[in-house]
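Scroll down for the structure; my scribbles are underneath it.
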There are 2 protein chains.
Amino acid sequence: MTVLSLGPPPISEPLARTQVDMHKLRAKSTTINDVAQHAGVSYQTVSRVINDHPSVAQETRSRVHRAIRQLDYHPSAVARSLAQKQSTTLGVVSYGIFHAGPAQMLARLESAASERGYDLAHVNVGTLSHTQLEQAIQKLRRQRVQGIIVFAPLLEAGAEPLETLCPDLPMVITDAEPRVGRFVSAVDQFTGGRLAAQHLIGLGHTEFALVSGPLSWYAALIRQQGWLSVLEQHKLTPQATLQADWTARGGYQAVCELLERHTPFSALLMGNDQMALGALWALEQRGLSVPGAVSVVGFDDLPESPYYSPPLTTVRQDFAQLAQQSLDQLVACIETPERAQQLTMLLPSLVVRSSTAPVGRGTRP
Amino acid sequence: MTVLSLGPPPISEPLARTQVDMHKLRAKSTTINDVAQHAGVSYQTVSRVINDHPSVAQETRSRVHRAIRQLDYHPSAVARSLAQKQSTTLGVVSYGIFHAGPAQMLARLESAASERGYDLAHVNVGTLSHTQLEQAIQKLRRQRVQGIIVFAPLLEAGAEPLETLCPDLPMVITDAEPRVGRFVSAVDQFTGGRLAAQHLIGLGHTEFALVSGPLSWYAALIRQQGWLSVLEQHKLTPQATLQADWTARGGYQAVCELLERHTPFSALLMGNDQMALGALWALEQRGLSVPGAVSVVGFDDLPESPYYSPPLTTVRQDFAQLAQQSLDQLVACIETPERAQQLTMLLPSLVVRSSTAPVGRGTRP
DNA sequence: CCTACTGGACCAACGACAGTA
DNA sequence: GTACTGTCGTTGGTCCAGTAG
């Protein structure tokens, strides 16, 4: 400042100049114009080079490339998507991202998206209330996403609201009840639940204890319904039905409660593998052998499950595939709407390890 | 189309009109102008309302709000950041996102960022090679991120490259060697390693087997150095030093190998909890009791670790805090550069559970 | 001079249409 | 006419004067 005021006071033009310069100080980034000037071509030619447009002479092209490198120019995706009137961004609304499943899903979605040339804009919501979902979707709309994937595990999130929240944007709902949206991508949790129960029944078990995840989660509810449908089919009723919070701790506590109540059971159906881990420990602590006294089945098939003590019999669902599938479906909605699947359902499978055995070989609780 | 051509063929002006309309069909989104018109004010006033600028009459303000709601208007973040010459986006370059730790970190970063009013742009790299990192950073620069957080667990990623790859953008490097960047946010893995080893030595162990994570990972290497520094201090050398891949499976295989080799050890230091889980199972399978025959210490303290069999003694590192800290540091670099910390280091702590006991109470391998 | 509002320039790119050789 | 290259208008906003009360 002091240095500048040494000279004679400048007149209008330079004054304006100064202001412009200060303005630019905020974020001086080299623009397409700088490159054009440096390469001695027009502004438009540079744009053509960037976008690999055919009609640019080879010589010009490489001259421009050189200029780009020399000036360390990075074309602005922001300006581009404004001019093109479309971004290459997909939105994700997630819930429960700190649980292993959803976290895994998000990571997979990310990589699937980038394979297809899209970026991801992500909003995690603390609750699946109407308000929060609305805000999340609004945030994504402001970012001009091309479509949205929603993890909507909670029933509360239910049908209508989601679709109506943004009727003009393609939206795929993941891991939810098939009827909540026009496009849904899910794992057949019901069949998964049945698989688990059938396996135990096949081993001769008749006394079941059920520990599901939070029943507000679609997956938890439907898995439980799967279990129950098999039991009913065999005219059995569970000795106990509990709910826990998906964590090992929750599973542990639930099983402790069962044991304190002296609930008789030889088969334990757990809503996921982490809870099953807690269950295994609770049983071991009481000296109840698995599968000798009690058989335990989990759900998910985490990479760790084969190394639990004992290795866990569980129902495998493939998060990676679910993510890939959801993303493919959304991309189809955007790029080739006529070919988009309404509902894609993944089938889980039973993985038998050592936590289950025929009934009646040992002491029961 | 047919309906339109019923009337007399339009002349030049309407023709031009048609073209404009077709152009707009691509993505008809309501703009700030539409809102202004609808509310009967200038578009500038609308902008003020959106940004909560004070000098707008209450009456006008609510009229504008009404128009916004009626037209379902969503201000374009794209246009805004172009005009403002800055986005509110932070970049994240991650590695190994399918591992539990990094996935956890990413989720936490996300929520920390949104608390501070930033969005996240995320790129995961398959390898930490110079090329891939360069591409990742380039992608982020195109998105005009304000700063970058890098998970740089690999030594190969080392010092200079990262800083020079984008010297003009604030960059925080996470979970890496303190000297790799100007701004680093990390956990003191060395102390963590020492904690684990000291605990075992305090219990009288002298025969150690070490199973670290991939030594190309900074965390793995430094944890190992921590272990070794304690052993040396007590004039001990490990009976065996192995490397595995962070997974339960890898830990299991490593311990199987130790047992097949008949390596004598009463204490097992594992590079993380998943590998420790594999180790526990390998030992149990051979009838070696933990902690009776062998004491095992892990690293991380996952939510599941207290429910392993037996509950795992481990070194706790807080991913959530690390993420929060990294993000705070980056935001500081951007918003208040003069107050930005160069290096923030988190201290891990020992969590003693039941997988460790004084030496010599049972059979050793 | 403050309050409330308006108009014009600008951001960094793209697309259509000309213009040049 | 074909192969390039440049000009102009546009995108949806923000920012900086300027103006009327």
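The structure displayed is predicted, hence computed values, not measured ones. Residue numbering restarts at 1 for every chain, and letters A, B, ... go by the order of the sequence lines.
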Going by atom types alone, do [X] and [Y] pair a side-chain donor with an acceptor below 3.5 Å?
| X | Y | result |
| --- | --- | --- |
| A:Asn33 | A:Gln37 | no |
| B:Thr174 | B:Ser185 | no |
| A:Asn124 | A:His122 | no |

query: Base, sugar-phosphate, or nothing: which does B:Val78 touch, judged by heavy atoms less than 4.0 Å apart?
result: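 Since no nucleic acid heavy atom lies under 4.0 Å of B:Val78, the category is nothing.
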
task: Assign A:Arg144 to base, sugar-phosphate, or nothing according to its heavy-atom contacts below 4.0 angstrom with the strands shown.
output: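 The answer is sugar-phosphate, as A:Arg144 gets under 4.0 Å only of primed atoms, P, OP1 or OP2.
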
Has [X] got a side-chain N or O lying under 4.0 Å from the OP1 or OP2 atom of [N]?
| X | N | answer |
| --- | --- | --- |
| A:Asn51 | C:dC14 | yes |
| B:Ser47 | D:dT14 | yes |
| B:Thr31 | D:dG12 | no |

message: Using a distance-only criterion (donor-acceptor N/O pair, under 3.5 Å, no hydrogens), is the base of C:dC14 paired with the side chain of A:Tyr43?
response: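 Such a pair is found, so the answer is yes.
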
field: Side-chain-base donor-acceptor pair under 3.5 Å for A:Arg48 and D:dG6
entry: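 Under the 3.5 Å cut-off, the side chain and the base do form a donor-acceptor pair.
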
Less than 4.5 Å apart, any side-chain heavy atom of [X] and any of [Y]?
| X | Y | answer |
| --- | --- | --- |
| B:Val150 | B:Val172 | no |
| A:Ser87 | A:Gln143 | no |
| A:Pro170 | A:Phe183 | no |

d([atom1], [X]; [atom2], [N]) in whole Å:
| X | N | atom1 | atom2 | value |
| --- | --- | --- | --- | --- |
| A:Arg142 | D:dT14 | CZ | P | 10 Å |
| B:Arg61 | C:dT3 | CZ | C1' | 13 Å |
| A:Gln86 | D:dG12 | CD | P | 13 Å |
| B:Leu82 | C:dC11 | CG | C1' | 4 Å |
| B:Gln37 | C:dT6 | CD | P | 13 Å |
| B:Glu59 | C:dA4 | CD | P | 12 Å |
| B:Lys85 | D:dC16 | NZ | P | 11 Å |
| B:His53 | C:dT6 | NE2 | C1' | 13 Å |

Partner of B:Val35 by side chain to side chain contact (heavy atoms under 4.5 Å, CB included), out of B:Ile68, B:Ile50, B:Thr45: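 When side chain to side chain contact (heavy atoms under 4.5 Å, CB included) is applied between B:Val35 and each of B:Ile68, B:Ile50, B:Thr45, only B:Ile68 qualifies.
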
Closest to the [X] side chain, choosing from [options]:
| X | options | value |
| --- | --- | --- |
| A:Gln44 | D:dC8, D:dG13, D:dT11 | D:dC8 |
| A:Val41 | D:dT11, D:dG6, D:dT14 | D:dG6 |
| A:Ile32 | C:dA13, C:dC11, D:dG12 | C:dA13 |
| A:Ser76 | D:dG6, C:dT6, C:dA13 | C:dA13 |
| B:Thr60 | C:dA4, C:dA13, D:dG12 | C:dA4 |

task: Decide yes or no on salt bridge (Lys or Arg N to Asp or Glu O under 4.0 Å) for B:Arg141 and B:Asp168, but give the supporting numbers first.
output: CA-CA 11 Å; B:Arg141 301 194 69 144; B:Asp168 55 332; 2.7 Å; yes

- prompt: Between residues 64-75 of chain B and DNA chain C, which residues have a heavy-atom gap below 4.0 Å?
  reply: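 DNA chain C contact set from residues 64-75 of chain B: none.
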
